[in-house]
Amino acid sequence: APTSASTSQAGITQTMDDAHLTSPGTMVGTVAYMSPEQVRARDLDARSDLFSFGAVLYEMATGDVPFHGESSAVICEAIMNRAPVPPVRLNREVPVRLEEIINKALEKDRNLRYQHASEMRSDLQRLKRDTETGRSAAHSGVGQQDLDSGTKKISSSPGNAPVSGSEVPKSNNGGLIFKGVIVFIALVAIAVSLWRSKSASTSKPDSANPTTIAVLPFQNMGPDTSLDYLRLALPDEIATALSYVRSLSIRPFTTTSKYTGPSVDVQQAGNEMHVTNVVTGHFLKEGNQLQITLEAVDVANNRTLWRDTITAAAPDLISMRGQITEKVRSGLVPALGAGSNSAEGATRPKNEEAYDLYLRSVAMPRDAAPNREAITMLERAVGLDPTYAPAWSYLGFRYYLDSQYGGGGEASFLKSNSAGERALALDPDLDQAVGQLVANHVERGDLADAFKQADAFVKRKPNSFDGHFALSYVLRYGGLLDESARECEKEMSIDPGSYALRACFQTFMELGQPDRAMEFLSKDAGTDWYKSNVIRVLIRQGKVREAQDNIEKFAVDDPARSAFRACFAFKMAGQAPSSEFVKRVREAEPALQSNPDPENRYLFASDLAFCGQDDVALRLLKSSIEGKYCAYQAMQQDAIWASLRDLPEFKQILAEAKQCRDKFVAETGAAH
């Protein structure tokens, strides 16, 4: 937002810094001057403008704004609920009567505020008379007509004071303070015009660059913590709606969800995620009304592109969703320069309870116990409303997590497939369902169908992280590591902060590039998944001692921990494996062979090759190839196989891997 010109001759200097006009949170530019009713999305009138003008008077008298906060969400809370510091505490020369005028202008209840600009004008004129006896407004170059004009022009703006306040030199009688107030009124109308013209000239992003969007968690502005699930559910709904606009690239919510809390710096978050725009907002429940404010911020210029508010009955979540979708379609999408594309999915929720359960499930963590709770919610949701595609899609994702990390096994995996297929039957353009089914088909050896889905996904949405992720996944299983690596690099350029990039570590590890593999793996640093896989990369980097130290970072109940400890013990001592260790490996082989994901069998084989268990390693490697993990290039370039490459058995498996890779290429037309 523009500030008043520097006019040292008039004794006016800029006092408001960027933290107030361009806060780290939301509502860039004018939040510090909003009235309580504007924050609450109520109807505005002249009294709202008088509140904003009162905030300007406060700043002129004290050199500071009346309401503070590290983000616009915190400032809004202060505007609604907190009294400003009395002006006289900040400037002892502020006349008592001026403080009374400011306090009346800043009343939270507009019925107790000045009702008309003429009332405020009369009080200001009376103050002027009492503090500057013998002077007239003409001496300042501004008369009563100018004062009327200034206040009327302020009222013509939508409740916003668009300029920073200014500090005037302190005096013993307060006369100069009031003189500065009168002069400032004349500047307001000019500032309004400048602010509007600047906003109009910069309202659209550069169409030459791809429009990438991150939707951040919302802030709950009220005390009702039972609504906290909406902090994640609302932005997930918006991201889903935007995903139907093919000219936009939407960051996965797994990336954006970490940017939570009132102190988040929107511009910094946007830069870290390499996006052109950030969408954020807040919500407040008052009585049975839920007010939701949405805002889009241009990251490069740190300014608001678009802002709107909706109000819905708090229990009526379906109505709320309809309003959000309409605001996204008719307001947000055009503001982002995306044309008139539809921002509505093929299905809409029809049952209030089902939709509430769906929204609550979105906010549930991915750990085993809360994931099972989310499954229970979603199973009931699709039972109540079997035609709502996003609920089926999310249920498919939750089933997959349960099959991999929650003990659900093959039964949950098959349920994941069924739920995903049901979602796509209802809405063929649902990205999450497409991506999940691609991964599911790959892990069970249906590479040709998975490739076709992933390839079509990328062609339909060339800037989609999910699309390139799915394609890189298929290509790795198909044995085309160079092509998989290119897709991984595209993923990195689109969303360098996504934890999902971790999966690409295996592509580069198998290519014999462990340093690059570590860069991708580190996107998920600190998790149990990272701790188990970092050992594999360290081994290939030749950092065996560091790999051994990392064994202790395994989860206590991880069954691989003791086996790896024993392996490293004899490796570091330069000794042959003990008979007890060999026995344990052979006893574990049936369980390793039964793992349904052939990529996991490849990893188990590489671990045992490092530990000197060549026969079991080769059997697992062969089983992996037979399961359509076409590791032809990996067997040639992955350093872990160096000691086995001259063995006849290895060469035979290598030939089978080549056949697997060639069949994949023939069936899909993928280049190599």
Taking [Y]'s backbone N and O only, do any of them form a donor-acceptor pair with [X]'s side chain (distance below 3.5 Å, no angle check)?
X: Y58; Y: V85; answer: yes
X: E107; Y: L112; answer: no
X: D455; Y: K459; answer: no
X: R110; Y: R47; answer: no
X: S393; Y: P390; answer: no
X: S498; Y: A500; answer: yes
X: T240; Y: D236; answer: yes
X: D356; Y: E352; answer: no
X: D316; Y: S319; answer: yes
X: D367; Y: A369; answer: no

message = Is the ring pair F51/F67 parallel, tilted or perpendicular, if the boundaries are 30 and 60 degrees?
response =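 Geometry flag for F67 against F51: parallel rings.
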task = Might you work through the side chain to side chain contact (heavy atoms under 4.5 Å, CB included) test for V438 and Y473, ending with a clear yes or no?
result = CA-CA 9 Å; V438 166; Y473 205 63; 5.6 Å; no
key: CA sep, side-chain torsions, deciding dist, call: Q453, L437, side chain to side chain contact (heavy atoms under 4.5 Å, CB included)   = CA-CA 9 Å; Q453 290 187 46; L437 277 181; 4.2 Å; yes
Testing the basics here: between [X] and [Y], what is the closest heavy-atom pair and its distance to 0.1 Å?
X: V442; Y: A450; result: CG2-CB, 3.5 Å
X: V434; Y: F457; result: CG1-CD1, 3.4 Å
X: L501; Y: P496; result: CD1-O, 3.7 Å
X: S257; Y: L232; result: CB-CD2, 4.4 Å
X: P386; Y: L426; result: O-CD1, 3.7 Å

Checking side-chain polar atoms at under 3.5 Å, does [X] have a donor or acceptor matched by the opposite partner on [Y]?
X: H468; Y: E487; answer: yes
X: N440; Y: S416; answer: yes
X: Q436; Y: Y399; answer: no
X: D524; Y: T527; answer: yes
X: Y33; Y: Q38; answer: no
X: Q291; Y: T309; answer: no
X: E272; Y: Y259; answer: yes

With rounding to the nearest 0.5 angstrom, report the [atom1] to [atom2] distance, [X] to [Y].
X: D49; Y: D45; atom1: CG; atom2: CG; answer: 8.0 Å
X: L230; Y: F218; atom1: CG; atom2: CZ; answer: 10.0 Å
X: I292; Y: D308; atom1: CD1; atom2: CG; answer: 11.5 Å
X: K490; Y: C504; atom1: NZ; atom2: SG; answer: 12.5 Å
X: I213; Y: S249; atom1: CD1; atom2: OG; answer: 8.5 Å
X: L378; Y: Y394; atom1: CG; atom2: OH; answer: 8.5 Å

ask   = Looking at Y499, is R366 sitting on its ring face, NZ or CZ under 6.0 Å from the six-membered ring centre and within 45 degrees of the normal?
value = yes
Six-ring centre of Y229, R360 cation under 6.0 angstrom, axis tolerance 45° =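 So R360 does make the cation-pi contact.
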ask   = Do Y358 and Y388 make the cut of ring centroids closer than 6.0 angstrom?
value = yes
ask   = Are W392 and F397 close enough that their ring centers fall under 6.0 Å?
value = no
ask   = Looking at residues at least two apart in the chain, or sitting in another chain, which of them share a ring-ring contact (aromatic ring centres under 6.0 Å, His included) with F520?
value = F508
Criterion side-chain hydrogen bond (donor to acceptor under 3.5 Å, both in side chains) on T311 and Q289, from CA distance to verdict = CA-CA 7 Å; T311 302; Q289 295 292 306; 5.5 Å; no
Qualifying salt bridge (Lys or Arg N to Asp or Glu O under 4.0 Å) pairs with a residue from residues 382-399, counting only residues at least two apart or across chains =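 Of all non-adjacent pairs touching residues 382-399, none passes salt bridge (Lys or Arg N to Asp or Glu O under 4.0 Å).
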query = Are D402 and K415 ion-paired here, with the side-chain N under 4.0 Å from a carboxylate O?
reply =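 Looking at K415 together with D402, the answer is no, because their closest N to O distance does not fall below 4.0 Å.
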ask   = Should K461 and D466 count as an ion pair when the cut-off is N to O under 4.0 Å?
value = no
ask   = Between V333 and L336, is any pair of side-chain heavy atoms under 4.5 Å apart?
value = no
task = For M273 and L216, run side chain to side chain contact (heavy atoms under 4.5 Å, CB included): C-alpha distance rounded to whole Å, both residues' side-chain angles, the deciding distance at 0.1 Å, then the answer.
result = CA-CA 11 Å; M273 290 184 284; L216 302 189; 3.7 Å; yes
query = Does atom NZ of K452 have more than 12 heavy-atom neighbours from other groups under 6.0 Å away?
reply = no
request  = Inspect the surroundings of CZ in R82 and state if more than 12 heavy atoms from other residues, nucleotides or ligands are less than 6.0 Å away.
outcome  =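 Count not over threshold, so no.
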request  = Carefully, step by step, assess L44 and E37 under the rule side chain to side chain contact (heavy atoms under 4.5 Å, CB included).
outcome  = CA-CA 7 Å; L44 307 181; E37 57 269 22; 3.8 Å; yes
